[in-house]
Amino acid sequence: MPEIRFKNITDLDIKGKKILVRADINSSIDLEKNEIRSDPRIKALVPTLEALKDAAVVLIAHQSRFGKPDCIDLKLHAELLNKYLGGTVKFVKDLFGEEAIAAIKALQPGEVLVLNNVRLWEIETKVKSIEEAEQTELIAKLTPLFDYFVNDAFGAAHRAHVSLVGWPKICAGPVVKRELEMVQSLFNPKKPSVWLVGGAKAYDKFLAVKFNLEEGNIDKALICGLTAILMLEAKGIDMGEPNRKFIAEDLDKHRAEIAETCEKFKDSIILPEDMAYEEDGKRKEIDTNQVGSISKSTGDIGSKSIATFKEILKSAATIVANGPPGIFEKEVFKQSSFEIVEAMAEAAKQGAFVCIGGGDMGAVAEMSGHGDKIYISTGGGALLRILSGKDLPLLKVLREKMP
Ligand SMILES: Nc1ncnc2c1ncn2[C@@H]1O[C@H](COP(=O)(O)OP(=O)(O)OP(=O)(O)O)[C@@H](O)[C@H]1O
Ligand SMILES: O=C(O)[C@H](O)COP(=O)(O)O
């Protein structure tokens with residue numbers, strides 16, 4: 001487990017100070033309507049800004065990736081924050097040029113200034129190390145203007161980009177503090193601890209499960225989505241070409257490692273016994289060992305597997321879920337995702353701690369109206385990386401650059 005040590009900005013005297021906060025408000029954007037489709041990360045940042053209301057706060061954040069259509073200005077994000085914070089938020093379409101510097105200098109305690117999308121400047125992501133990040137013009141120009149630097153971008157904890165790691169001293173913000181405390185509890189979970197992994201990033205999820213099985217942090221791992229396809233194939237079960245093409249590269253590279261893990265933890269790893277596919281617009285189900293005989297990809301786990309998973313979730317004291325069990329966006333494949341979130345919410349009602357990471361499963365929990373019972377992490381890839389036992393750039397700078 002990586003060493004987690006940090007100073008918290010709200011423990012320092014912030015009154016009247018100028019504070020730079022690097023946040024993660026990367027959101028799903030509806031480009032046609034020019035609006036933010038869903039804003040859980042923006043909402044999660046509101047308490048941070050409220051906690052810093054005695055200071056003048058400048059926000060740096062990214063939206064999407066350089067060159068992508070949704071790599072847009074942060075005007076929409078600033079407008080939403082302004083709505084949530086009662087009119088104290090300004091936006092400037094600049095990052096470290098004259099306009100930005102003048103606006104930062106003029107900012108008063110109680111006000112928030114959102115700088116523009118840091119990934120519109122290519123340098124943000126081009127650096128190769130923390131040392132290189134420290135030498136950039138962005139850091140040189142902005143550093144003298146601030147008393148404190150805060151990293152509150154848990155969702156980007158796995159990135160060593162300039163505005164995340166380049167400042168001379170870095171404290172944790174409230175979002176990062178809350179998420180890291182939650183992560184620490186997952187490394188020492190109340191038992192039985194049940195993980196459910198699904199979604200599309202099959203090998204990343206496998207690695208997180210493997211690490212935590214080895215650490216004794218998981219009693220039962222319920223595997224679905226493309227991770228199930230990958231693990232079943234590695235075990236020698238034919239998932240058919242239409243399924244195999246999604247995981248072929250990972251399978252090629254990691255077959256032996258995955259098969260070995262499946263064997264070593266065969267009592268803890270629960271793979272789906274049946275799966276669902278679409279035929280003439282209808283949901284059809286089939287036993288897992290028959291999937292190779294149909295020339296179709298599967299999009300969900302079947303009813304028998306859902307029942308087995310739900311039964312296991314019932315007695316869990318800790319539940320970690322990352323990635324939906326099926327293609328929940330499609331009517332025919334949404335069954336497992338919604339039923340399983342119901343079962344998790346029920347377990348939470350009975351006292352289990354339930355943490356959902358990754359935008360998609362979080363969206364299912366929100367859509368089901370269970371967002372309040374379940375801990376929904378602001379981290380997707382970042383949470384998974386930390387849970388894989390990796391020492392991330394965020395953890396390193398919080399430890400090594402404590403003010
Ligand atoms: N069996 C399946 N076959 C293909 N796609 C699947 C399957 N099950 C789930 N998915 C898809 O996986 C996608 C989510 O995968 P992903 O690994 O990105 O999850 P996530 O944890 O929400 O990640 P993040 O928030 O980090 O992007 C969803 O769009 C869903 O439709
Ligand atoms: O959405 C995320 O997972 C974070 O904002 C990090 O984004 P990235 O994967 O583009 O660095």
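Just follow the structure's listing: the first ligand is 1, and inside any ligand the first atom is 1. Residue indices begin at 1 and follow the sequence shown.
Residue E50 qualifies as enclosed at atom CD: its count of foreign heavy atoms under 6.0 Å is above 12.
Looking only at heavy atoms of the protein, atom 3 (N) of ligand 1 is closest to L226 CD2, 3.3 Å. For atom 21 (O) of ligand 1, the closest heavy atom belonging to the protein is K205 NZ, 2.9 Å. Atom 27 (O) of ligand 1 has its closest protein heavy atom at K201 NZ, 2.7 Å. Protein heavy atom closest to atom 28 (C) of ligand 1, with residue, atom name and distance, is E329 OE2, 3.4 Å. Among protein heavy atoms, atom 14 (C) of ligand 1 sits closest to D360 OD2, 3.2 Å. Among all non-hydrogen protein atoms, the one lying nearest atom 12 (O) of ligand 1 is A200 N, 3.3 Å. For atom 25 (O) of ligand 1, the closest non-hydrogen atom of the protein is G359 N, 2.5 Å. Closest to atom 6 (C) of ligand 1, if we only count protein heavy atoms, is I327 CG1, 3.5 Å.
With sequence neighbours left out, Y148 forms a side-chain hydrogen bond (donor to acceptor under 3.5 Å, both in side chains) with no residue at all. H254 is linked by a ring pair (Phe, Tyr, Trp, His ring centres under 6.0 Å) to Y203, counting only residues two or more places apart in sequence or in another chain. Under the rule for a ring pair (Phe, Tyr, Trp, His ring centres under 6.0 Å), W195 has no partner lying at least two apart in sequence or in another chain.
No side-chain heavy atom of M361 sits less than 4.5 Å from a side-chain heavy atom of N322.
Taking the ring centre of F338 as origin, the terminal cationic atom of K334 falls inside the region bounded by 6.0 Å and 45° from the ring axis.
Looking at ligand 1, you won't find any N or O of D300 less than 3.5 Å from one of its N or O atoms.
To the nearest 0.5 Å, atom OG1 of residue T261 and atom CG of residue L207 are 9.0 Å apart. The distance from atom CD of E233 to atom CG of D238, rounded to the nearest 0.5 Å, is 6.0 Å. We find the CG-SG distance between L232 and C262 to be 7.5 Å, quoted to the nearest 0.5 Å.
Nearest to atom 9 (C) of ligand 1 by heavy-atom distance, out of G326, S337, G198, is G326.
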**Prompt:** So R119 and E124, salt bridge (charged side-chain N to carboxylate O under 4.0 Å, His left out) or not? Walk me through it.
**Reply:** CA-CA 6 Å; R119 288 197 186 165; E124 167 71 357; 5.4 Å; no
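In summary, the atoms of ligand 1 found under 4.0 Å from a heavy atom of G381, numbered by their order in the structure, are 26 (O). Applying the 4.0 Å criterion to heavy atoms of G225 picks out, from ligand 1, the atoms 1 (N), 8 (N). With ligand atoms numbered from 1 in the order given, ligand 1 contributes 26 (O) to contacts under 4.0 Å with heavy atoms of G380. Within the listing of ligand 1, atoms 19 (O), 21 (O) sit less than 4.0 angstrom from a heavy atom of G323. The atoms of ligand 1 that sit less than 4.0 Å from any heavy atom of N322 are 21 (O).
D94 places a side-chain N or O within donor-acceptor distance of the main-chain N or O of G97, the cut-off being under 3.5 Å. Between the side chain of N212 and the main chain of A208, a donor-acceptor pair closer than 3.5 Å is present. Within the 3.5 Å criterion, the main-chain N or O of G379 finds a donor-acceptor partner in the side chain of S377.
At a heavy-atom cutoff of 4.0 Å, ligand 2 is surrounded by D24, N26, R41, H62, R65, R119, G155, R159.
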